[in-house]
Amino acid sequence: MYMFKPVPNKVDFIVQEEEVLKFWEDTQAFETLKKLRVEGPTWSFLDGPITANNPMGVHHGWGRTYKDLYQRFKAMQGHRTRYQNGFDCQGLWVEVNVERDMGFKGKHDIEEFGLENFILMCKQRVLKFAARQAEQSIRLGYWMNWDNQETLKLLHDELGKDPMKVLTVEGVDGPVTGTVEHLVGRLGLPELGGSYFTFSEENNYTIWTILKSCHDRGWVYKGRDVIPWCGRCGTGISQHEIVTEGYRELTHPSITLRFPLVDRPGESLLVWTTTPWTLSSNVAAAVGADLTYVKVRQNEEVLYLSRGTLHMLKGDYEVEEEILGMDMEGWTYNGPFDELPAQKDSGVAGNHIVITWDEVGEEDGTGIVHVAPGCGAEDFQLSKEHGLAVIAPLTDNGLFLDGFDWLSGMNVNVVRKPIFDNLKKKGLTYSVKDYTHRYPVCWRCQEELVFRLVDEWFISMGNKLDIPYPEVTENQKKNNLRYQIMEVVINETTWHPSFGKERELDWLRNMDDWMISKKRYWGLALPIWECSECGHFDVIGSKEELQERAVAGWDVFEGHSPHRPFIDAVEIKCSKCDQHMKRVPDVGTPWLDAGIVAMSTMRYNSDREYWKKWFPADLISESFPGQFRNWFYSLLAMSTILERKAPFKEVFTYATLVAEDGRPMHKSWGNMVEFDEAAGKMGVDVMRWLYCDHKPEKDLYFGYHSADDVRRQFLIPLWNVYSFFVTYANMDGWTPKDDMQTALSQLDKWILSRLNEVIQKVTEYLESYEPNLATAVVDSFIDHLSNWYLRRSRRRFWAETGDSDKVDVDKNAAYDTLYKVLVTLSRLLAPFVPFVSEVMHQNLTRSVDSEAPESVHHCDWPTSGPKSVDGKLNSEMELVLRLVSIGHASRNKANVKLRQPLSEIAFAVGLDKEREIVSRYSDVLRNELNVKNVRLLDVVAEVINYELKPLPKQLGQKYGARFPAIRKAILDLDAREASTRLQAGESVQVTVDGDTLEILPEEVEVKVEAKEGFSTAAEGSYVAALTTELTPELEFEGLARDFVRRVQDLRKSSELKIDDAIDIQYSASTRVSEAVESNEKYITDETLATSLKKAKKPVGKFKATYTFGDEKLDLAITPSEK
RNA sequence: GGGCCCGUGGCAUAGACUGGUUAUUGCGCCGCUCUGAUAAGGCGGAUGUCCGGAGUUCAAAUCUCCGCGGGCCCA
């Protein structure tokens, strides 16, 4: 019976991961962890909500890996954490998908369908994808308080049938009963547990608290402004949304047209625009006051445009006069659509005016800008400055309003052509030309945006003071949210990478007032009640306050979540005029929903003690594109409004995940990798390591090639070491003991010292939020472990037990060491690769010690004592590894394969202490390089050339500007003499500018060249000189090794067990036979042969023929009878 | 127009804060080689104006400035 479960070196990691998931579930490993840490110091992680609107992608996997990494790491360090995932539930993105599913074309279809059912479907969609994302996250190994997916599915189904049905579901401390709608609204709250959902009643009502608090300070206001608008979605698109995805490179026909001047018959202004629909609402034309304009005669007419845009004209023309823009101010002209009632009613028809504006330029157009204050933000601003009329042409669906004659009722996106035709008929068109520009589109439905004059609700950010932050006074901050937020950012937050802080501050310095309303359906019901009589508005801070003030409709609303349409029924009495106030129909931006979670999920309103314990969060982490203006901003804003405190201490951010070809992932481009597919093909340990290994601030190129690299360079080497250990430990019946062997070899001590170094560095790098540096440390350690420690220790594990006490002691030391390394690694790697580390823990630790933690994730984080890292030993081994490397290079140059033993290698090294290392490690070097003797190169007798290399780092720092002269003086020395002295550890003198200076051995590198007869390789001052002459004995030994190699090959291909004994028969050329006969003991030892017989025709169970060089070998092996 | 980040072989990257004369690693390519832990590994080779220019310095991929190009964010 084996102590450890046998570990095949080939394993299906994916199947294994699924087994681990099952193990965690069966043993309730996560629940146990929480119980174990219940008394621990708190470490508060606040999850940024994922939009529960689609299955999760591999980019979510990246972020979730970090989140899980840190929670696991902190838990192993003994911390108690909250483990609450968040789902973002409300907002346009959910609406758009439900609309699409239902085949709706716009708001009209929704209203016809009915708000009540539409809202229910939005809720259902969220529940459906929350369950899906939870399932995927669990596959990733992400330990969180996931909701019971069956419960979510049940609520989803019942919500569709009857939201008022009373149900009982399992809660944290027992069953919870309520209507389906009520239960859905209480998801994530203490009695139900699980993820927080931003559509929860708690979340919505806590936002009410905030908005009231803002209102009390006079920060909430209704603003009339021209904002980007999506006619299809029927909503304004805020500054927060329009950037990034919000622009498209589009080509539109642009038009240049005439504005005939009133007092100058036959003369016109020439004006250019890309948005002809806005001409319907033209009020003025703007010129640059200091720009030069020209009066141009062309054919029978006179045109005005700026001098720098004359190239706009087609055909011949004659410049008659030049004037400044300021001289045109006040001219009047006839607008292109003066016949429309809207133009007439506003009084501008026949009386359009020329104004000056310093933003007018000559890059595009004619230097004369058409101004339509109802159709553009800057135009609207100008109207306020110049007292211009404002004509707003569009409905919220993007249709022309009444008053626009034939245009009325037409969609703004289809009027371009008819307007062109109309203008042409009127003789106003000068030219039409395609024009390509970046044009804003709706980030959800891709419809081209227009600009529309609307009333929206804002939170005032406070004035932008044109002074640096440190000069802002306390008094100025007092009623200024902008500077209050900046204050908490500067004083209380740390950003990784550090430039994040500057970006956030930049956003805060520049952002305009926060537009919080949306003219939509599914979202936070803005708690603003407005009086239709006197226009007064009030902000309600809680459900209780609303009930108290309700004068109508409470009965309709009661029992429902605070969403449309039910909340709209509630009316309150106007505190100014006693009339009834109705809620404004707008819903809130989803960033309010996400921003409140530092309060709502930490029970700010319901359990202040709990909140104090967990607020502020120790860490938040999200991908940075977008979040500076979105989640980071809204979290900061809300926490500042309520408490004037930062909601988090550390922010860990990372860049964007793209496909392996460096482009964004797109299904149609064929470079998309779905999460489920990736998990099934590469496995999530590999995926997680790939993520952790990446420098967070760089875009990550994700794909199967890089995943393969991870598997080859990290996972398989790790697994092979583990597999090797278990295989041999089982063969030897080795069991772990409490005490480590005292007789550790140099290699053992070294790998343990390295291990401790790794523990320290991984801990440090995780704590400084540089996980990629932590993984790099591990990568290099695993390389050392696999390719050096184990390769050089293999024979120690092979050694026959009982041969001698010395062998047994050494062997035990090797087992002790490797066991310790692997057990420690399983813990150190647990937060990164939770699956493979669990497998190792179960087999290495749990199987031999039933008292050990049931899961690796219950273990304590490894620590290392201050003296556990032997820096001297580590650097010694580093030198040995370098010598090995150039030793291999010297063999390679001589073209002698490693299997062929050679008589001798001699090394030249720089310093005294290094020479000593060569002799101390000569055994290792000898074995690795397959030579009979390792020695130092005789620097007097065997060196033909010396070169001195003054080391700039040492000498430069010491002598500064004198370095070049000193360098020259050193190079002028007699190299042989100086080298001999330096290598003997003595200093040499040089004279520079009359000063005699002592040059120390460590300040000069001595490069030597070995004389003829060696095969040499060098790196820096290190030289390997190999003696390549072969004696017959050496040749025979080489052949014997060739022979062994073939036997092993045959053993392996015959699928014999490692410890199966065999009988060998062979036939071979004379030379090989002689070699075999003279190395019989070596061969039988290596191949576990009980007999080794030469035969004319070898007979055995397994046979093979080999040729190597000029030699031929027939082999037959048979497993020996036991 | 403003802020932040970045520019290193064919591709992808480390190094930059703290300057040091042979620029790291991986993928890919070529040759050799090792292996009863290894789906691997090792050694060597080809592939570099470290975006360009100027400056600081004994010394610049690294620091400063200017330019060019890209990304993110804002206007």
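Here is how names work: the chains are called A, B, and so on, in the same order as the sequence lines, proteins then strands, and each is numbered from 1. Any value given below was found using the heavy atoms of this structure, including those in side chains, with hydrogens, waters and symmetry copies removed. Note that this is a predicted model, so its numbers are computed, not measured.
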What nucleic acid atoms does A/Gln1048 come within less than 4.0 Å of, heavy atoms only: base, sugar-phosphate, or nothing? base

With the side chain of A/Pro964 defined as its heavy atoms from C-beta on, choose the nearest nucleotide among B/U22, B/C58, B/C43. B/C58

Classify the side chain of A/Lys1052 versus the base of B/U38 as yes if they form a donor-acceptor pair under 3.5 Å and no if they do not. no

Can you check whether A/Arg899 has a side-chain N or O nearer than 4.0 Å to OP1 or OP2 of B/C34? yes

Looking only at the aromatic ring of each residue, does the gap between the centers of A/Trp495 and A/Phe624 stay below 6.0 angstrom? no

Starting at OH of A/Tyr765 and ending at C1' of B/A14, how long is that distance when rounded to a whole Å? 12 Å

Among B/G44, B/U21, B/A37, which nucleotide sits nearest the side chain of A/Trp798? B/A37

Has A/Arg794 got a side-chain N or O lying under 4.0 Å from the OP1 or OP2 atom of B/A37? yes

Nearest listed nucleotide, side chain of A/Asn892, among B/A37, B/U33, B/G31: B/G31

Taking B/A39, B/C5, B/G36 as options, the one with an atom nearest any side-chain atom of A/Ile716 is B/A39

Which nucleotide sits closest to the side chain of A/Lys897: B/C27, B/A37, B/U33? B/U33

With a 4.0 Å limit, can you tell me whether A/Arg712 has a side-chain N or O closer than that to the phosphate oxygens OP1/OP2 of B/G26? no

Where does the angle between the aromatic ring planes of A/Phe725 and A/Trp734 fall among parallel (under 30°), tilted (30 to 60°) and perpendicular (over 60°)? perpendicular

Would you classify A/Arg1045 as touching base, sugar-phosphate or nothing, given that sugar-phosphate means primed atoms plus P, OP1 and OP2, and contacts are heavy atoms under 4.0 Å? base

Round to a whole Å and report the spacing from NE2 of A/His888 to P of B/G42. 10 Å

Applying a 4.0 Å non-hydrogen cut-off, can you work out what A/Leu898 is touching in the nucleic acid: base, sugar-phosphate, or nothing? sugar-phosphate

I'd like to know if A/Ser786 reaches the base of B/A40 with its side chain, counting only an N/O donor and acceptor under 3.5 Å. no

Can you tell me which nucleotide in B/C4, B/G2, B/G20 comes closest to the side chain of A/Gln957? B/G20

At under 4.0 Å between heavy atoms, what does A/Leu955 touch on the DNA or RNA strands: base, sugar-phosphate, or nothing? nothing

Where the side chain of A/Arg791 is defined as all heavy atoms beyond and including C-beta, which of B/A37, B/C34, B/G20 is the nearest nucleotide? B/A37

Euclidean distance for P, B/U21 against B/C17 (whole angstrom): 14 Å

Residues A/Arg795, A/Glu1086; criterion salt bridge (Lys or Arg N to Asp or Glu O under 4.0 Å); working and verdict: CA-CA 10 Å; A/Arg795 298 195 159 264; A/Glu1086 288 293 307; 2.8 Å; yes

Does A/Ser706 put a side-chain nitrogen or oxygen below 4.0 Å from OP1 or OP2 of B/G26? no

Quick one: is B/A37 close enough that its OP1 or OP2 comes under 4.0 Å of any side-chain N or O from A/Tyr728? yes

Think A/Lys501 has a side-chain N or O under 4.0 angstrom from the OP1 or OP2 of B/C4? no

Please give the distance between the P atoms of B/G3 and B/G41 as a whole number of Å. 47 Å

Remember a base hit wins even if backbone is also touched, and classify A/Tyr701 as base, sugar-phosphate or nothing at under 4.0 Å, heavy atoms. sugar-phosphate

May I have the distance from A/Leu690 (atom CG) to B/G26 (atom C1'), rounded to whole angstrom? 12 Å

When rounded to the nearest Å, what value does the distance between C1' atoms of B/C29 and B/U47 take? 9 Å

Is the centre of the A/Trp719 ring less than 6.0 Å from the centre of the A/Phe13 ring? yes

How long is the line joining CG of A/Leu700 and C1' of B/C6, in whole Å? 17 Å

For the aromatic rings, using the six-membered ring if either is Trp, is the centroid distance between A/Tyr691 and A/Tyr654 under 6.0 Å? no

May I ask you to verify if any side-chain N or O of A/Gln713 is less than 4.0 angstrom from the OP1 or OP2 atom of B/C27? yes

Enclosure of A/Lys501 NZ (heavy-atom neighbours >12, cutoff 6.0 Å): yes

Spatial distance of atom CD (A/Gln1048) from atom CZ (A/Phe1043) [nearest 0.5 Å]: 10.5 Å

Quantified in whole Å, what is the C1' atom distance between nucleotide B/U18 and nucleotide B/G31? 41 Å

Between A/Arg967 and B/C58, is there a contact of a side-chain N or O with OP1 or OP2 at under 4.0 Å? no

Is there a Watson-Crick or G-U wobble partner for B/U35 with both distances under 3.5 Å, and which nucleotide is it? none

Verify whether the ring centers belonging to A/Phe628 and A/Tyr633 lie closer than 6.0 Å. no

Any donor-acceptor N/O pair, A/Thr653 side chain to A/His496 backbone, under 3.5 Å: yes

The side chain of A/Asp506 lies closest to which of these nucleotides: B/C32, B/G36, B/G3? B/G3

From B/A37, B/A39, B/U22, pick the nucleotide closest to the side chain of A/Val11? B/A39

When both distances are under 3.5 Å in a Watson-Crick or G-U wobble arrangement, the nucleotide paired with B/C17 is none

Measure NZ/A/Lys464 against C1'/B/C74 and give the value in whole Å, please. 10 Å

Without decimals, in angstroms, what is the distance between A/Asp693 CG and B/U24 P? 19 Å

Between B/G15 and B/U22, how far apart are the C1' atoms? Round to whole Å, please. 15 Å

Taking B/C5, B/A37, B/G41 as options, the one with an atom nearest any side-chain atom of A/Val721 is B/A37

Give one of base, sugar-phosphate or nothing for A/Asn895, where a contact means two heavy atoms less than 4.0 Å apart. sugar-phosphate

Could you check how far CG of A/Leu790 sits from P of B/C34, rounded to whole Å? 19 Å

Considering just the side-chain nitrogens and oxygens of A/Trp507, establish if one lies under 4.0 Å of OP1 or OP2 belonging to B/C4. no

When the C1' atoms of B/C65 and B/C73 are compared, how many Å lie between them, rounded to an integer? 25 Å

Quantified in whole Å, what is the P atom distance between nucleotide B/G70 and nucleotide B/A61? 25 Å

P atoms of B/C51 and B/U13, separation to the nearest Å: 14 Å

Report yes if at least one side-chain N or O of A/Arg503 is closer than 4.0 Å to OP1 or OP2 of B/C73; otherwise report no. no

A/Lys698 has an atom NZ; how far is it from atom C1' of B/G26, in whole Å? 14 Å

Please tell me if A/Arg1041 has a side-chain N or O lying less than 4.0 Å from either OP1 or OP2 of B/U33. no

